[in-house]
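Reading through the structure tokens given below for one structure.
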Amino acid sequence: MPEALPEATENREGYTVKHSASILAAAAVMGTAAAAQAQTQVDFWHAFTGRLGDLVAEQVTTFNASQSDYTVVATHKGNYSETLNAGIAAFRAGEQPDILMVFEVGTATMMAAKGAVVPVYEVMGDGFDQSKYIGSVTGYYTAPDGNMLSLPFNSSTPVLWVNRDKLAEAGIDPDTDLTTWEKVGGVLDQLKEAGVSCPLTTAWQSWIHLENLSAYHNVPFATKENGFGGLDTELAFNGPAQVAHIGAMGQWAKDGKFIYAGRRNEGGANFRAGECALFTESSAGYAGIKAEAQFAFDVRPLPYWEAVAAEPQNTIIGGASLWVMAGQTDEEYKGVAAFMDFLSSPEIQAKWHQDTGYLPITAEAGELTRSQGFYDANPGTDIAVIQMTAKEPTENSKGLRLGSFDQIRTIIDEELEAVWSGDKDAQAALDSAVERGNQLLRRFEQANR
Amino acid sequence: MEKRVTFKGIWLPLLLVLPQIVITAVFFFYPAGQAIWQSLFIPDPFGLSMQWVGLGNFEYLLGDRYYRASFVTTAIFSILVTVVSMGVALYLAVLADRLIKGSGTYRTLLIWPYAVAPAVAGVLWLFMFNTRVGVVTWYLGQLGYDWNHVLNEGEAMGLVVVASAWGRISYNFLFFLAGLQAIPRSVIEAAAIDGAHFWTRFRTIVWPLLSPTTFFLLVVNIIYAFFETFGVIHTITSGGPQQATTILVYKVYADGFVGQDLGSSAAQSVILLFVVSILTVIQFKYIERRVHY
């Protein structure tokens with residue numbers, strides 16, 4: 001999930017239980033001071049502020065208190081892009097941290113930087129059991145041979161959020177079937193007729209309506225296994241399935257059934273204010289919607305086109321993973337391994353999953369969450385997990401590994417906006433996005449030859 | 001005979017200009033040299049390898065129609081920002097100059113927006129014009145106008161121009177007011193006694209005598225529009241929709257810091273350096289001739 005997730009959560013900070021970051025920081029400092037001088041320091045740069053930042057600080061404090069050999073020092077380096085740039089600049093100056101948080105679209109950049117990173121499976125050593133991780137979560141971050149390159153940290157996947165009250169107001173059964181876009185289309189007609197000003201809105205249009213749409217219908221987003229197979233990959237999201245979907249969305253935009261609010265999660269404000277009936281957004285939007293919504297809401301699986309696929313494949317993730325930087329001492333790598341082991345433990349993962357709405361990275365953590373009764377108390381929070389894990393990922397639904405992808409997303413945003421405003425039809429816009437994006441892929445290929 | 005202070009020898013004058021030379025070398029020549037050097041390569045982001053491409057980066061850029069369109073966007077944007085911020089500032093300064101009572105309050109209030117950072121100004125305007133919850137958008141909606149700068153290119157350009165010009169009006173106002181107050185009253189009064197009306201006096205006396213200030217502000221404002229409006233554009237439109245507000249500087253950022261394409265970014269910096277040099281030469285060669293000091 002793109003860059004603004006931490007920011008989005010930050011906006012909600014006021015509504016959630018707020019730990020004081022300064023208290024935690026003070027605790028961390030005291031912990032450091034009390035510990036013996038012989039401790040190895042492990043630097044961890046991340047992009048989280050607000051409540052997520054507090055939760056990260058809490059994890060670090062717990063880890064530091066749990067053993068006496070290593071001290072993890074977590075530092076906030078700005079948003080996702082800024083954190084990546086800080087890591088790159090630090091590496092060039094020889095001052096890189098041990099662990100760097102990188103958002104999912106930066107994966108190809110990190111992977112291509114052989115010599116700047118150490119794969120996680122190598123750091124973890126021989127006893128590392130990769131099978132305990134959820135394949136569709138880690139798949140985004142594994143090498144073609146199946147080895148884990150970076151540790152997934154925060155992962156979410158898109159779902160459909162429903163304002164039940166709005167449906168009822170428009171005379172629609174709130175439990176109506178919304179599993180396919182065909183059925184959603186019918187509901188949008190009814191909502192429009194009933195005079196609802198915002199029947200459908202979305203966050204992260206490229207991530208949800210192209211990247212996930214492609215994976216969910218098992219069609220390629222790019223050639224060479226979506227870029228997993230090599231740097232000479234080319235974009236392929238101008239196929240019939242994607243064009244049909246964007247075409248339908250364009251028509252809905254024209255008819256006032258789909259309201260476009262912006263490239264990031266601007267639409268969230270409209271949904272949480274009760275203005276919109278349906279909203280496609282990350283599963284991690286849960287905390288914010290729960291805190292703000294003054295109406296009954298529902299989480300549903302992301303709809304799919306019955307005309308394209310008999311049943312949906314899995315969706316793909318967004319979020320960030322932890323990369324281990326090269327050029328550190330063996331002692332530090334041992335500390336990194338211990339910290340990553342700690343992060344992967346069922347208790348820590350289950351707590352993270354329940355606190356944030358992000359997906360658990362191990363199956364055990366999911367089971368623990370279920371046995372603790374969290375899913376029963378918070379209905380719909382397991383939809384994302386089910387949607388991700390119902391099917392074994394294919395080469396079209398493992399994830400994306402494309403260079404310059406942050407910028408390619410901007411190109412996609414621009415072209416989709418042309419469709420929403422009626423300037424271009426879906427085919428022309430997607431063709432143009434593919435052509436412009438391919439230029440960037442060729443530049444990336446050249447830079448990393 | 002010209003009257004001039006002269007120094008004997010070469011060392012003392014050199015020593016006196018040395019600080020300026022050192023500052024220019026460290027903060028201008030070195031980075032500019034680096035940019036020119038880097039623009040000839042395609043490096044990977046981590047600096048692990050570099051590939052010599054000669055002028056390949058420039059070829060790539062100039063072959064990109066979106067990059068060429070960015071020149072036009074920058075020209076339109078800079079001219080609009082300069083004209084709007086200087087025009088409004090001059091109008092307000094002329095009014096303030098004639099004001100006798102309460103001019104202190106009036107001036108202070110006009111100067112305030114200058115203290116607002118461009119990024120913050122961007123956010124303020126963004127809130128007012130937010131397509132769903134903005135106050136101005138709501139009033140426009142009441143009047144039957146559907147404001148949507150997220151999708152409408154003209155509205156997006158208008159909004160970034162207004163947001164960029166707004167904070168700049170204060171700065172220009174200050175200089176214009178000082179310029180106006182420096183014009184001797186006796187000249188204006190003499191013209192008034194001769195029967196010249198306000199507009200005639202403005203055209204024949206005030207405007208020519210104000211020209212050094214106007215020229216200075218023209219140079220400074222164009223440079224502002226080129227380089228310092230980044231924050232406004234980043235917060236309001238991120239260069240969109242469909243690159244309608246992607247000015248050259250914003251593209252340097254997008255390619256360098258979002259795309260990690262340092263070769264292209266460096267080449268763009270070099271082109272920008274070139275453009276600004278040409279602009280400055282034109283300004284000093286042709287426009288300054290019309291300035292009366």
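Convention: sequence-line order gives letters A, B, ...; per-chain numbering from 1.
Using a 4.5 Å cut-off between heavy atoms, T201(A) does not touch chain B at all. Residue P43(B) touches chain A through its backbone alone, counting heavy-atom pairs closer than 4.5 Å. Proximity to chain B is limited to the side chain of E415(A), based on heavy atoms less than 4.5 angstrom apart. If you measure heavy-atom distances from E275(A) to chain B, the contacts under 4.5 Å come from the side chain alone. Proximity to chain A (any heavy atom under 4.5 Å) is shown, for D255(B), by both the backbone and the side chain. For a residue to count as touching a neighbouring chain, one of its non-hydrogen atoms must lie under 4.5 Å from one of that chain's; by this rule D44(B) touches chain A with backbone and side chain alike. Only the side chain of Y66(B) comes within less than 4.5 Å of a heavy atom in chain A; its backbone stays farther off. Within the 4.5 angstrom heavy-atom criterion, no atom of I411(A) approaches chain B.
The two residues S404(A) and G259(B) come nearest to each other via the heavy atoms OG-O, 3.9 Å. Across every non-hydrogen atom of F46(B) and M110(A), the tightest pair is CZ-SD, 3.6 Å. Among all heavy-atom pairs drawn from T131(B) and A261(A), the shortest one is OG1-O, 4.3 Å. Shown here for Q242(B) and S421(A), the closest heavy-atom pair between the two residues is NE2-OG, 4.3 Å. Taking each heavy atom of G262(A) and V150(B) in turn, the nearest pair found is CA-CG1, 4.2 Å.
Separating the OH atom in Y253(B) from the OG atom in S81(A) is a distance of 6.0 Å, to the nearest 0.5 Å. With values rounded to the nearest 0.5 angstrom, I88(A) atom CD1 is found 10.0 Å from F257(B) atom CZ. Remark: E417(A) CD to N152(B) CG distance equals 11.5 Å, nearest 0.5 Å. The distance from the NZ atom of K114(A) to the OG atom of S49(B) is 11.0 Å, given to the nearest 0.5 Å. Atom CG of L151(B) sits about 8.5 Å away from atom CG of D423(A), to the nearest 0.5 Å. Here CZ of R92(A) is found 5.5 Å from CG of L262(B). Values are rounded to the nearest 0.5 Å.
If you tally non-hydrogen atom pairs under 4.5 Å between each of M50(B), Q243(B), E153(B) and chain A, the highest count goes to Q243(B). For the options G115(A), G422(A), A418(A), heavy-atom pairs under 4.5 Å to chain B are most numerous at A418(A). Across V53(B), L48(B), N130(B), N148(B), the residue that shares the most heavy-atom pairs under 4.5 angstrom with chain A is L48(B). With chain B as partner, the option from L84(A), L416(A), D413(A), N270(A) having the largest number of non-hydrogen pairs under 4.5 angstrom is N270(A). Contacts with chain B were tallied for I259(A), I408(A), T109(A); I259(A) has the most, counting heavy-atom pairs under 4.5 Å.
Residues N57(B) and R443(A) are in side-chain contact: their nearest non-hydrogen atoms beyond the backbone lie under 4.5 Å apart.
Within a 6.0 Å sphere centred on CD of Q142(B), heavy atoms belonging to other residues, nucleotides or ligands number more than 12. Crowding of F227(B) atom CZ: a count of heavy atoms from other residues, nucleotides or ligands under 6.0 Å exceeding 12. Residue-environment remark: CZ (F71(B)) exceeds the threshold of 12 foreign heavy atoms within 6.0 Å.
Side chain to side chain, Q446(A) and Q51(B) fail the donor-acceptor criterion of an N or O pair below 3.5 Å.
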